[in-house]
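Read through the structure below, which is laid out as structure tokens, and then see the notes.
Just so it is clear, the values below take in all heavy atoms, side chains as well, and ignore hydrogens, waters and symmetry mates. The residues of the chain are indexed from 1 along the displayed sequence.
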Amino acid sequence: MDREEAALVESISADPRYRDLVGQRLRLGWFLSALIFAAFAGYLLLIAFNKGLLETPVGDGVTSLGIPLGLGLIIFAIALTGVYVAYANRRFDARMAAILRDHGA
């Protein structure tokens with residue numbers, strides 16, 4: 001990294017708008033991580049302590065309740081990723097572009 005790039009990185013890092021943006025992005029990431037962790041932990045606790053519920057047949061077929069719940073967990077993880085991407089594209093990217101523009105990058 002040359003001097004100009006280092007100076008640009010330092011000036012952007014010192015910008016309070018950038019620090020606020022990083023904090024908001026971090027809080028959102030931790031919140032969504034906590035949601036998916038709670039969902040996975042809940043599923044594992046069901047496996048550990050209430051296997052009978054997960055063994056319950058769905059309809060007249062051979063599929064048990066554990067299969068759609070597990071699939072729902074995977075879909076929930078994908079949906080949370082989509083929420084993060086949509087929010088980041090709508091809010092974070094525009095704010096970062098404004099910060100970069102103000103710093104001449």
Side-chain angles (χ1 to χ4, degrees):
M1 183 180 318
D2 64 2
R3 284 184 170 183
E4 289 180 22
E5 287 178 357
L8 179 62
V9 168
E10 187 175 323
S11 69
I12 291 172
S13 297
D15 190 322
R17 295 174 301 163
Y18 177 73
R19 284 182 280 173
D20 182 53
L21 175 66
V22 169
Q24 286 182 357
R25 192 175 60 203
L26 186 65
R27 284 188 295 278
L28 177 62
W30 278 110
F31 175 71
L32 295 176
S33 295
L35 285 178
I36 197 64
F37 177 80
F40 271 100
Y43 188 72
L44 289 175
L45 288 172
L46 274 176
I47 291 170
F49 297 111
N50 198 355
K51 288 181 186 171
L53 176 66
L54 294 176
E55 294 171 351
T56 304
V58 175
D60 294 330
V62 295
T63 303
S64 67
L65 186 60
I67 299 298
L69 285 178
L71 182 60
L73 192 57
I74 293 168
I75 292 170
F76 182 61
I78 293 168
L80 286 183
T81 301
V83 165
Y84 180 83
V85 168
Y87 192 86
N89 287 344
R90 198 172 339 109
R91 303 277 172 99
F92 298 148
D93 289 351
R95 290 176 58 196
M96 190 64 206
I99 293 168
L100 290 172
R101 186 175 48 250
D102 292 348
H103 287 274

Same cluster for [X] and [Y] if Ile/Leu/Val/Met/Phe/Trp/Tyr side chains link at under 4.5 Å?
X: L100; Y: L21; value: yes
X: I75; Y: V83; value: no
X: V9; Y: V22; value: no

**Request:** Would you tell me whether R95 and Q24 have side-chain atoms, one donor and one acceptor, within less than 3.5 Å of each other?
**Result:** yes
Flag the pair [X] / [Y] as yes when at least one side-chain heavy-atom distance between them is below 4.5 Å, and no otherwise.
X: I47; Y: L44; answer: yes
X: H103; Y: Y18; answer: no
X: K51; Y: L46; answer: no
X: L65; Y: L69; answer: yes
X: S64; Y: L54; answer: no
X: P57; Y: T63; answer: no

**Prompt:** side-chain contact (heavy atoms from CB on, under 4.5 Å) with L80: which residues, sequence neighbours excluded?
**Reply:** L32, L35, I36, F76
**Item:** Minimum heavy-atom distance R25-Y84, with the two atoms named
**Value:** CG-OH, 3.1 Å
**Prompt:** Hey, mind stepping through L28 and R91 against side-chain contact (heavy atoms from CB on, under 4.5 Å) and telling me if it holds?
**Reply:** CA-CA 12 Å; L28 177 62; R91 303 277 172 99; over 6 Å; no
**Asked** Got a donor-acceptor contact below 3.5 angstrom from the Y43 side chain to the G66 backbone?
**Response** yes
**Prompt:** Which other residues belong to the hydrophobic cluster containing L26, where Ile, Leu, Val, Met, Phe, Trp and Tyr are joined when side-chain heavy atoms lie under 4.5 Å apart, directly or via other members?
**Reply:** W30
**I67 CD1 to L71 CG distance, which is reported to the nearest 0.5 Å** = 9.0 Å
